[in-house]
Amino acid sequence: MDYRTLGNSGASVSELTLGTMTFGAEADETTSHQILDAFVAGGGTLVDTADVYSAGVSEEIIGRWLAARPTDAAQVVLATKGRFPMGDGPNDVGLSRRHLARALDDSLRRLGTEHVDLYQMHAWDALTPIDETLRFLDDAISAGKIGYYGFSNYLGWQVTKAVGRADALGFAPPVTLQPQYNLLVRDIEHEIVPASLDAGIGLLPWSPLAGGWLSGKYRRDQAPTGSTRLGEDPTRGMEAWEARNADERTWTVIDAVTAIADAHGASASQVALAWLLAQPAVTSVILGARTVEQLDDNLGASGLVLTADELTRLGDASAPRIDDYPYGTAGVAQRGRRIDGGR
């Protein structure tokens, strides 16, 4: 396992992160603890959860694992998130000081700790002034409850606004951003990646396998069945079967991934993860495993180095659809200029 700094902080984290949204839902406590054991044994250090995952159960499962394994726990860089509803009241949601104060304390209690290394705002809150959220986070750092903070699912302008306000107010800056990012979903490269690079923020991509599509387990025009996410629910969210199956780009990307995987003697999942690890601003890629076997395969991406030609092939196959302006050739041409001038 290789290690990188956590965004613009000095903390070291594994280049692969264990995401725990499956804990308490698709993975019971025994399986979840086995996954945590395997992740740490493989050199993993960054563990990511959220209060909303299984309504707090994911944090409780992690808390019991941390308590039972103090030696391993000392090496874990622990991250959680707050923002989404944890109750039915009007202040049981959002990024207000009122909600975050309770949400953070509740997360610490469930995790059985007095401190988390990274506290993340799970989504933008249009009702709460950004200064209020940032002041709470800066206070939480001063109080020793969190080490760093970051965002999840923010747009480019929202990242830039938060960074600018933190600087103007003299608050600690954000260090990370969790966006959806994979070979099938690359639109963040238009605004979000440049904003993150400009601020020195590290990306923690979620859904790196596009809900299982990039694992190579699905076949064109053959509806999935069995105990897979789409087999259990073909209409599931953004990765729903019908629309992606009908899109020729999906299969162009999958064909490129599987061909490169065959050349390396690797799995399609490992190639898709290795591509992400080679992208600008990426700090660590979040793995979402339901079984130890899935995790073991994904951990094999660490150390898989794709050639420049392979990265180009994957980049060309997965190129996001764009209009010519402002993100196409004409727009890009206007973003720089020759130092010697000229027409």
Side-chain angles (χ1 to χ4, degrees), residues 1 15-19 21-22 26-27 31 35 38-39 42 44 179-188 205-279 282 284-321:
M1 182 75 71
E15 65 180 356
L16 297 174
T17 296
L18 181 61
M21 189 169 67
T22 60
E26 297 164 285
T31 302
I35 290 172
F39 178 69
Q180 181 182 201
Y181 194 20
N182 56 62
L183 278 164
L184 292 181
V185 182
R186 292 181 54 191
D187 289 348
I188 72 165
W206 58 266
S207 192
L209 300 180
W213 281 90
L214 295 171
S215 70
K217 62 186 175 184
Y218 300 131
R219 297 292 179 266
R220 187 194 296 256
D221 300 329
Q222 297 179 25
T225 59
S227 58
T228 64
R229 289 176 180 175
L230 287 184
E232 295 166 352
D233 181 8
T235 64
R236 178 188 174 105
M238 292 172 283
E239 64 259 25
W241 164 258
E242 187 173 347
R244 278 193 172 160
N245 176 60
D247 189 344
E248 184 63 29
R249 176 176 174 270
T250 298
W251 301 107
T252 299
V253 172
I254 291 174
D255 287 346
V257 170
T258 54
I260 292 171
D262 290 342
H264 280 272
S267 69
S269 297
Q270 290 167 354
V271 169
L273 294 169
W275 176 85
L276 261 182
L277 286 170
Q279 300 312 299
V282 171
S284 184
V285 176
I286 300 175
L287 310 176
R290 301 202 290 181
T291 67
V292 173
E293 291 72 24
Q294 287 178 343
L295 177 67
D296 285 342
D297 178 74
N298 290 346
L299 289 177
S302 186
L304 174 60
V305 179
L306 304 179
T307 67
D309 287 344
E310 289 169 338
L311 291 171
T312 298
R313 180 178 180 183
L314 291 170
D316 290 346
S318 64
R321 301 182 183 96

Has the side chain of [X] got a donor or acceptor atom that lies under 3.5 Å from a matching backbone atom of [Y]?
X      : Y      : answer
Ser215 : Gly212 : yes
Gln294 : Arg290 : yes
Arg244 : Thr250 : no
Gln279 : Trp275 : yes
Arg220 : Glu248 : no
Thr312 : Ala308 : yes
Asn182 : Leu209 : no
Ser284 : Thr17  : yes
Gln270 : Asp297 : yes

Hey, are Glu310 and His264 close enough side-chain-wise for a donor-acceptor pair under 3.5 Å?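 Yes, a side-chain donor-acceptor pair sits under 3.5 Å.
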Are any of the side-chain heavy atoms of [X] and [Y] separated by less than 4.5 Å?
X      : Y      : result
Val282 : Pro205 : yes
Leu184 : Ile254 : no
Ser318 : Arg186 : yes
Val285 : Glu15  : no
Asp296 : Glu293 : no

The criterion is ring pair (Phe, Tyr, Trp, His ring centres under 6.0 Å); which residues satisfy it with Trp241, sequence neighbours excluded?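 With neighbours one apart ignored, the set is Trp213.
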So which heavy atom on [X] is nearest to which on [Y], and how close?
X      : Y      : result
Leu295 : Leu287 : CD1-CD1, 3.9 Å
Asn298 : Ser269 : OD1-CB, 3.7 Å
Val271 : Ile260 : CG1-CG2, 4.0 Å
Ala38  : Leu299 : O-CD1, 4.0 Å
Pro208 : Ala272 : O-CB, 4.5 Å

Please determine whether the number of non-hydrogen atoms from other residues, nucleotides or ligands lying under 6.0 Å from atom CD of Glu242 exceeds 12.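 Not buried by this count: 12 neighbours or fewer within 6.0 Å.
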May I ask you to say whether Asp247 pairs ionically with Arg321, meaning some side-chain N is under 4.0 Å from a carboxylate O?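 Salt bridge flag = yes for Arg321 with Asp247.
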What verdict does the side chain to side chain contact (heavy atoms under 4.5 Å, CB included) test give for Leu304 and Leu273, after you've listed the backbone C-alpha separation in whole Å, the side-chain angles of each residue and the deciding distance to 0.1 Å? CA-CA 9 Å; Leu304 174 60; Leu273 294 169; over 6 Å; no
